[in-house]
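Working notes, beginning with the structure itself.
In what follows, chains are A, B, ... by sequence order, proteins preceding strands, each numbered from 1.
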Protein chains: 2
Amino acid sequence: MAQVKPMRADARRNYERLIEEAAVAFAEHGEGASLDDIAKRAGVGSGTLYRHFPNRQALLEAVYVDAIEAIAMRADEIAARLPPGEALVEWLNELSERMIQVRGLKTLLGSAVTDGSSAVLTACGSSVKGAATRLVEAAQREGTVRPDVEPIEILRLAHGVATASELANGEGKHIRRYLSLLTEGLRPERRRADGGPGPEN
Amino acid sequence: MAQVKPMRADARRNYERLIEEAAVAFAEHGEGASLDDIAKRAGVGSGTLYRHFPNRQALLEAVYVDAIEAIAMRADEIAARLPPGEALVEWLNELSERMIQVRGLKTLLGSAVTDGSSAVLTACGSSVKGAATRLVEAAQREGTVRPDVEPIEILRLAHGVATASELANGEGKHIRRYLSLLTEGLRPERRRADGGPGPEN
DNA sequence: ACCTGAACACCGTTCAAGT
DNA sequence: ACCTGAACACCGTTCAAGT
């Protein structure tokens with residue numbers, strides 16, 4: 001299942017070179033980097049780039065799949081270390097940080113949580129959605145997150161928090177701050193400072 | 001003070017025609033509409049467009065100043081009708097709605113609340129910042145908004161909310177929902193359901 | 001003082017010709 | 001089957017020449 005059709009040796013080499021150079025170019029010039037330039041740097045004709053990646057989105061995704069999968073896996077690592085509520089916040093923090101630090105990742109993840117997102121991107125974003133769902137539902141069972149919020153809503157709001165932090169300054173210095181302003185709204189109204197949702201009557 | 005240098009009649013006419021056509025083009029093709037096309041539709045050479053508007057941002061701003069001023073003025077209308085806390089939320093709702101409905105306005109207002117925003121845009125965004133400041137401070141005096149949040153932070157978060165709603169679907173159906181998830185975090189933790197911040201000791 | 005529009009550099013995308 | 005690169009259409013931006 002790994003490879004439906006084994007690529008011809010030269011095709012495979014070109015494919016990999018393109019991804020390498022695309023990663024460099026995106027990091028250097030942002031997600032709008034010249035596709036022609038990427039092809040040239042990879043030592044292939046521009047037509048070859050289009051053969052492998054029909055549009056910029058496809059190339060962006062190929063470049064960032066690993067980073068996206070890594071984010072999804074971090075969710076479980078964090079969940080094993082922290083109580084559900086804190087784990088969710090911590091993961092959202094890392095997610096937002098990466099969206100700002102890795103140029104192009106924000107737009108890509110944005111399309112992944114958009115209502116009418118393409119089938120290609122749905123596949124790529126689904127592991128992130130899965131991770132979010134696990135964290136959110138655990139926190140809801142724990143009682144630290146409102147039971148009426150959907151995981152996808154939280155992902156979209158994290159995207160919003162990243163956007164807000166980006167406005168504040170280029171890097172992600174304000175993520176924690178904006179995230180805390182948001183999470184307070186995600187919690188059920190607290191009646192007490194101590195633990196346990198003590199029965200009222 | 002209205003006009004430092006009265007423009008030559010033809011220049012003034014071109015200036016206005018450009019803004020008119022730019023408004024149509026931005027509404028039709030988004031904020032990335034072809035500048036050359038706008039010049040052609042306005043019946044002027046492309047150089048004339050650049051003479052009046054050195055870059056796309058300048059043109060966008062000229063097209064949307066009125067809309068931006070209108071938003072700022074709405075703040076006072078709403079403040080006269082509702083208690084401070086509700087007024088803020090209502091205004092943020094209208095602000096976010098317009099950011100989504102009027103193409104290009106979101107990016108423009110985004111630059112206005114960005115840390116290192118250009119001098120041109122600062123001038124244009126300052127009335128919005130003023131409006132936000134009045135509403136936020138009134139709500140803080142009333143005790144319905146945390147005293148440690150800055151107006152500019154709330155403007156950035158509203159931008160984030162608009163972004164999140166945009167991901168949810170093209171129009172702004174989810175703004176109220178996402179805004180309420182946020183505002184819960186803007187309120188000081190409620191100890192009581194009844195009014196008045198009763199003195200603790 | 002202002003306008004015009006050709007000219008330039010740079011894109012993305014396609015496709016006939018090659019291997 | 002895959003690659004090449006010229007060709008095309010379309011940008012933004014500049015600037016010499018015009019009024």
Side-chain angles (χ1 to χ4, degrees), chain A residues 2-63 103-104 107-108 111 118 120-121, chain B residues 2-63 103-104 107-108 111 118 120-121:
Chain A
Q3 203 71 359
V4 178
K5 245 187 191 177
M7 274 167 135
R8 219 168 69 177
D10 56 344
R12 165 136 216 90
R13 205 171 44 238
N14 285 337
Y15 180 86
E16 278 160 5
R17 291 275 302 126
L18 278 167
I19 291 186
E20 281 174 42
E21 292 301 335
V24 175
F26 288 147
E28 212 168 314
H29 306 107
E31 52 185 317
S34 161
L35 295 183
D36 197 70
D37 204 54
I38 292 173
K40 274 205 185 69
R41 283 179 192 236
V44 305
S46 45
T48 302
L49 188 151
Y50 282 92
R51 163 169 282 268
H52 288 299
F53 310 99
N55 51 49
R56 162 171 263 113
Q57 187 118 289
L59 183 55
L60 271 169
E61 195 186 349
V63 168
R103 301 176 81 170
T107 314
L108 194 62
S111 332
S118 76
V120 200
L121 265 165
Chain B
Q3 202 71 358
V4 177
K5 245 186 189 177
M7 273 166 134
R8 221 169 68 177
D10 55 346
R12 165 137 216 90
R13 203 171 45 239
N14 286 336
Y15 180 86
E16 277 159 6
R17 289 277 301 127
L18 278 167
I19 291 186
E20 278 173 45
E21 292 301 334
V24 175
F26 288 146
E28 210 167 315
H29 305 108
E31 53 186 316
S34 160
L35 295 183
D36 197 69
D37 204 56
I38 292 173
K40 273 206 186 69
R41 285 178 191 234
V44 304
S46 46
T48 302
L49 187 152
Y50 282 93
R51 162 169 283 270
H52 289 297
F53 311 99
N55 51 49
R56 162 171 262 113
Q57 186 118 291
L59 183 55
L60 271 169
E61 194 185 351
V63 168
R103 300 176 82 168
T107 313
L108 195 63
S111 333
S118 76
V120 200
L121 264 165

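Atoms CG and CG, on B:N55 and B:L60 in that order, are 9.0 Å from each other to the nearest 0.5 Å. Rounding to the nearest 0.5 Å places CZ of B:R51 at 12.5 Å from CG of B:L18.
Across D:dC3, D:dT4, C:dC3, the shortest atom-to-atom separation from the side chain of A:N14 is found for D:dC3.
Contact check, A:H52 against D:dC2: no side-chain N or O comes under 4.0 Å of OP1 or OP2.
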Produce a footprint string for nucleotides 6-19 of chain C: one letter per nucleotide, 5' end first; B if the base is under 4.0 Å from any protein heavy atom, S if only the sugar-phosphate is, - if neither. B----SSBBB----
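Straight-line distance from the CZ atom of A:R51 to the C1' atom of D:dA1: 7 Å, rounded to whole Å. For the pair B:L49 CG and C:dT4 P, the computed distance is 11 Å after rounding to whole Å.
Nucleotide D:dG18: paired with C:dC2 (Watson-Crick or G-U wobble, both distances less than 3.5 Å). Base-pair partner of D:dG12: C:dC8 (Watson-Crick or G-U wobble, both distances under 3.5 Å).
Between B:R41 and B:V24, the shortest heavy-atom distance links the atoms NH1-CG1, 4.1 Å. Across B:S46 and B:A39, no two heavy atoms sit closer than the pair CA-CB, 3.9 Å. Taking all atoms of both residues into account, the shortest heavy-atom contact from B:Q57 to B:S111 is OE1-OG, 3.8 Å.
Note: B:H52 and B:Y15 have perpendicular aromatic rings, judged against thresholds of 30 and 60 degrees for the angle between ring planes.
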